[in-house]
Amino acid sequence: MITMRASQLYAPTLREVPAEAELVSHQYMLRAGLMRKSASGVYSYLPLGVRVLHKIMAIIREELDQAGAQEIMLPIVQPAELWQESGRWNEYGPEMFRLLDRHQRQFCLGPTHEEIITALVRTDVRSYKQLPLRLYQIQNKYRDEIRPRFGVIRSREFIMKDLYSFDRDESGAQASYQAMYDAYTRIFARCGLKAHPVEADTGAIGGDQSHEFMVLGDAGEDLIVFCPHCGYAANVERAECVPYDPDEESAALAKLEKIATPGITTVEELTKRLQIEPGQVIKTMIYIADGKPVAVLISGNHDVNEIKLKRALNCDQLELADAQTIATVTNAPVGFAGPVGLTIPIFADYSVTTVVNGVSGANKKDYHLRNVNINRDYTPTQILDLREARAGERCVRCGQILEEARGTEVGQVFYLGTKYSQPMKAVFLDQEGQERPFVMGCYGIGVSRTMAAIIEQHHDEDGIRWPVSVAPYSVIVVPISYKDEEQRSVAEHIYKTLTSAGIDAILDDRDERPGVKFKDADLIGYPLRITVGPKHLVDGNVELRLRSSKEQFVVPIAEIDNQVSTFLNRIGE
RNA sequence: CGGGGCGUAGCGCAGUUUGGCUAGCGCGCCUGCCUUGGGAGCAGGAGGUCGGAGGUUCAAAUCCUCUCGCCCCGACCA
């Protein structure tokens, strides 16, 4: 039987908050002795942290195995050739950790594993009869983040579960996608997390369809919009915006006039000076798309969503134009661009279509134009959805008003299609003997990040309040004084009874004052605490305390294992 | 990469402006006594290349130059 005593446990708790940690989860992970930092964005896990990780991973394995998946292990050190084949060796940029071996051959530390697994499967899977195939791995991944932060939530080395599905056709791949979506819902629920699926952009992974599982909270790095009416939810990177309704009571078009606005280059200054609403301003941004300048129009109260823009322009490289280019294209310094008279392609967001008698730059230093009107004074090349969605917009599905929230992404599912199988020539023979590329999907869960997210959702001022399912130990037995012979023997008895009943228990056998033991137990966050002390021992009882609610119950020693099981079941639901 | 801040004992910090004796405080750690229902008390003790390198000076944690690391905000990103 495995036993654990607090006197032997390597769990150095800290009384004070380390200066480096801002987020509660980060602070508690350090204070409770779950982990220590080794470098910026790189952490060592201590025994308690490892136990939590193992529990999370066990839940993941159970659910994925249940969903017909099989676990494999893939290399972390990956050869450059595979990444060159998929085209991502260049696409990935400085975020990829790259290294050379002694023969000057190029490798990287895998930021993800699509290439390696596609290469693996293409050599061994030749027939539709071997499909569908769902393979996963739980391993360290590496991304050289510009700025690691929030402890393990944005780190450079992190533990991730990745699953890849290979299907013979689209409907098979959709079934895999749905199976994973459902498995994720169960996994996060079992971890005690409220995770909301939202529609997402596919980013560097690529593909056609994606959902992110978001844990809501102010600490979240992502912004999502959702519709309380119909349930639509999406990352703002992805969220669609509806065209504007034509304004019924639109004012008569006034005469275009040039106005002097010396030194005024921002929407904010402009609205202040002219006493107008930001919505009246036609903001004109010059971008460089694959080397060519384009103008983007959007109303002054919105921001451009560059992901949408990139998609609309169908370009690889997109960046805001430099001052020199802007001067060349608009004949004016930065801050005075406007659509009137521009000769480069103009892409307008829906939001400018209803701006009547608007204000824009005059393409001349220190001048703006008043009473600018679409189709009279300028004609966009294309009018489409280019803005970042925000609270207050109308839902694309049902037209109700959207709300917004912040969230941390703990998992994401992607429908990849043939994005990797095609260029990497990963093919099988179908029933007709035709060679076809696998239709793929990939599905990630940030395991280490999930641990932090659980703490974000389950803590109080005293420490962590682990859900039973992922707690490092379910129960801690705390004798008030371990030196006291009676207390010690009762505590030992209870501890042995629990462990032999298969309950995860730890005994605090340290020669510490009770306060110290209580504080540590609260900080580490064991769901149940059994206190063995003189107060109740005289009546043959001990005290049982729930960490999350702080409720206490006096329980006869003889019933302890039943009581513990009952309480664990109750709070474990 | 831009802006801001920090690096002095395991953790939290003072000392740096205005150079000066053996570099301090709280917590933690070790020994002993005492104590035991929410981070006790007393006594004794260990622990420091003051991030690193170079320079100025009779003298550097303190001034100068370079450098490394860390944190926060922004840009970027699963």
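By convention in this document, chain letters (A, B, ...) are assigned in the order of the sequence lines, proteins followed by strands, and residues within each chain are numbered from 1.
- At distances below 3.5 Å, at least one donor-acceptor pair connects side-chain atoms of A:His459 with backbone N or O atoms of A:Glu456.
- For B:G28, its base never sits under 3.5 Å from the side chain of A:Arg31 at any donor and acceptor pair.
- Atom pair A:Arg510:CZ and B:U36:P shows a separation of 19 Å (rounding to whole Å applied).
- Within 3.5 Å, a donor on the side chain of A:Arg529 pairs with an acceptor on the base of B:G38, or the reverse.
- Taking atom C1' on both nucleotides, B:A43 is separated from B:C34 by 11 Å, rounded to a whole Å.
- Using a 4.0 Å cut-off between charged side-chain N and carboxylate O, A:Glu115 and A:Arg88 make a salt bridge.
- Ring pair A:Tyr177/A:His211 is tilted by interplanar angle, where 30° to 60° counts as tilted.
- Remark: the separation of the C1' atoms in B:G12 and B:A53 is 29 Å, to the nearest Å.
- Checked against B:A75, B:A78, B:C71, the side chain of A:Arg149 finds its nearest nucleotide in B:A75.
- The main-chain N or O of A:Gln487 is found under 3.5 Å from a side-chain atom of A:Asp484 such that the two form a donor-acceptor pair.
- Distances were taken from every side-chain heavy atom of A:Val516 (C-beta onward) to each of B:C73, B:A40, B:G38; the shortest belongs to B:A40.
- No hydrogens or angles were tested; on distance alone, nothing pairs the side chain of A:Arg143 with the base of B:C77 as donor and acceptor under 3.5 Å.
- Separating the P atom of B:G15 from that of B:C29 is a span of 27 Å, rounded to the nearest Å.
- Applying the Watson-Crick and G-U wobble criteria (two distances, each under 3.5 Å), B:A60 pairs with nothing in any strand.
- No close placement of the A:Tyr443 and A:Tyr164 rings is indicated, their centers lying 6.0 Å or farther apart.
- For the residue pair A:Gln412 / A:Ser210, a side-chain donor-acceptor distance below 3.5 Å is found, with atom types taken as modelled.
- As the counterpart of B:C42, B:G32 is assigned, both hydrogen-bonding distances of the Watson-Crick or G-U wobble pattern falling under 3.5 Å.
- For B:U35, neither phosphate oxygen OP1 nor OP2 lies less than 4.0 angstrom from any side-chain nitrogen or oxygen of A:Arg513.
- One atom, CD1 of A:Ile307, and another, P of B:C77, lie 7 Å apart when rounded to the nearest Å.
- Both A:Ala39 and A:Gln487 lie close to RNA chain B; mapped to their nearest nucleotides by heavy-atom distance, the more 5′-ward contact belongs to A:Gln487.
- Nucleotides B:C70 and B:A46 have their P atoms positioned 34 Å apart, rounded to a whole Å.
- Rounding to whole angstrom units, CD of residue A:Gln412 and P of B:C77 are separated by 14 Å.
- Between A:Ser40 and B:C71 there is a side-chain N or O to OP1 or OP2 distance below 4.0 Å.
- The side chain of A:Ile480 sits closest to B:G37 out of B:G38, B:G37, B:A78.
- Side-chain atoms of A:Ile146 lie closest to B:A75 of the nucleotides B:C13, B:A75, B:C27.
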Working note: A:Gln139 + A:Ile159, criterion side-chain contact (heavy atoms from CB on, under 4.5 Å); need CA distance, chi angles, decisive distance, verdict. CA-CA 5 Å; A:Gln139 286 173 247; A:Ile159 306 169; over 6 Å; no
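- Contact annotation for A:Arg156: no contact, since no heavy-atom pair falls under 4.0 Å across all strands.
- Distance A:Gln27 CD to B:C11 C1': 14 Å, rounded to the nearest Å.
- Comparing B:U67 with B:G2, their P atoms sit 13 Å apart, to the nearest whole Å.
- Backbone-only contact: A:Glu409 has heavy atoms under 4.0 Å from sugar-phosphate atoms and none from a base.
- Note on A:Gly444: nothing from the nucleic acid sits closer than 4.0 angstrom, heavy atoms only.
- We find that CG of A:Leu30 is positioned 13 Å from C1' of B:C71, with the value rounded to whole Å.
- B:A53 is paired with B:U65 under the Watson-Crick or G-U wobble criterion, all donor-acceptor distances under 3.5 Å.
- Heavy atoms of A:Ala19 sit under 4.0 angstrom from primed sugar atoms or phosphate atoms, though from no base atom.
- In this structure, A:Asp484 reaches neither bases nor backbone, as no heavy-atom distance under 4.0 Å exists between it and the strands shown.
- Remark: C1' of B:A78 and CZ of A:Arg154 are 7 Å apart, rounded to the nearest angstrom.
- Within 4.0 Å of A:Pro111, counting heavy atoms only, lies no atom of the nucleic acid at all.
- At the heavy-atom level, A:Pro18 lies under 4.0 Å from the strands shown only through sugar-phosphate atoms.
- Rounded to whole Å, the P atom of B:A9 lies 22 Å from the corresponding atom of B:G5.
- A sub-4.0 Å separation between OP1 or OP2 of B:C72 and a side-chain N or O of A:Arg147 is present.
- You'll find that the side chain of A:Phe158 is closest to B:A78, out of B:A75, B:U36, B:A78.
- The base-pairing partner of B:G24, taking Watson-Crick or G-U wobble contacts with both distances under 3.5 Å, is B:C13.
- Judged by distance alone, with hydrogens and angles left aside, the side-chain atoms of A:Gln78 form a donor-acceptor pair with the main-chain N or O of A:Pro75 at under 3.5 Å.
- Of the candidates A:Glu22, A:Glu145, A:Glu409, A:Glu145 is the only one forming a salt bridge (charged side-chain N to carboxylate O under 4.0 Å, His left out) with A:Arg154.
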Show me the protein contacts with nucleotides 4-10 of chain B, counting only N or O atoms at under 3.5 Å.
none

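- Atom pair A:Glu237:CD and B:C77:C1' shows a separation of 8 Å (rounding to whole Å applied).
- Residues A:Asp462 and A:Glu306 each lie close to RNA chain B; by heavy-atom proximity, the contact nearer the 5' end of the strand is made by A:Asp462.
- Rounded to an integer number of Å, the gap from A:Glu543 CD to B:G38 C1' is 12 Å.
- In a base pair of the Watson-Crick type (N1 to N3 plus N6-O4 or O6-N4) or a G-U wobble (N1-O2 and O6-N3), with each distance short of 3.5 Å, B:C70 is matched with B:G5.
- The residue A:Lys483 sits close to a base: some heavy atom pair falls under 4.0 Å.
- Distance check on atom C1': B:A60 versus B:G19 gives 6 Å, rounded to whole Å.
- The salt bridge (charged side-chain N to carboxylate O under 4.0 Å, His left out) with A:Asp462 is formed by just one residue from the set A:Arg547, A:Arg529, A:Lys550; it is A:Lys550.
- Aromatic ring centres of A:Phe213 and A:Tyr181: separated by under 6.0 Å.
- Candidate nucleotides B:G28, B:G37, B:A78 were compared by shortest atom distance to the side chain of A:Arg15, and B:G28 ranks first.
- B:U57 and B:C64 have their C1' atoms separated by 12 Å, with the value rounded to a whole Å.
- Counted by atom type alone, A:Arg134 and A:Ser176 present one or more donor-acceptor pairs between their side chains at under 3.5 Å.
- Applying the 3.5 Å distance criterion, the base of B:A78 shares no donor-acceptor pair with the side chain of A:Glu221.
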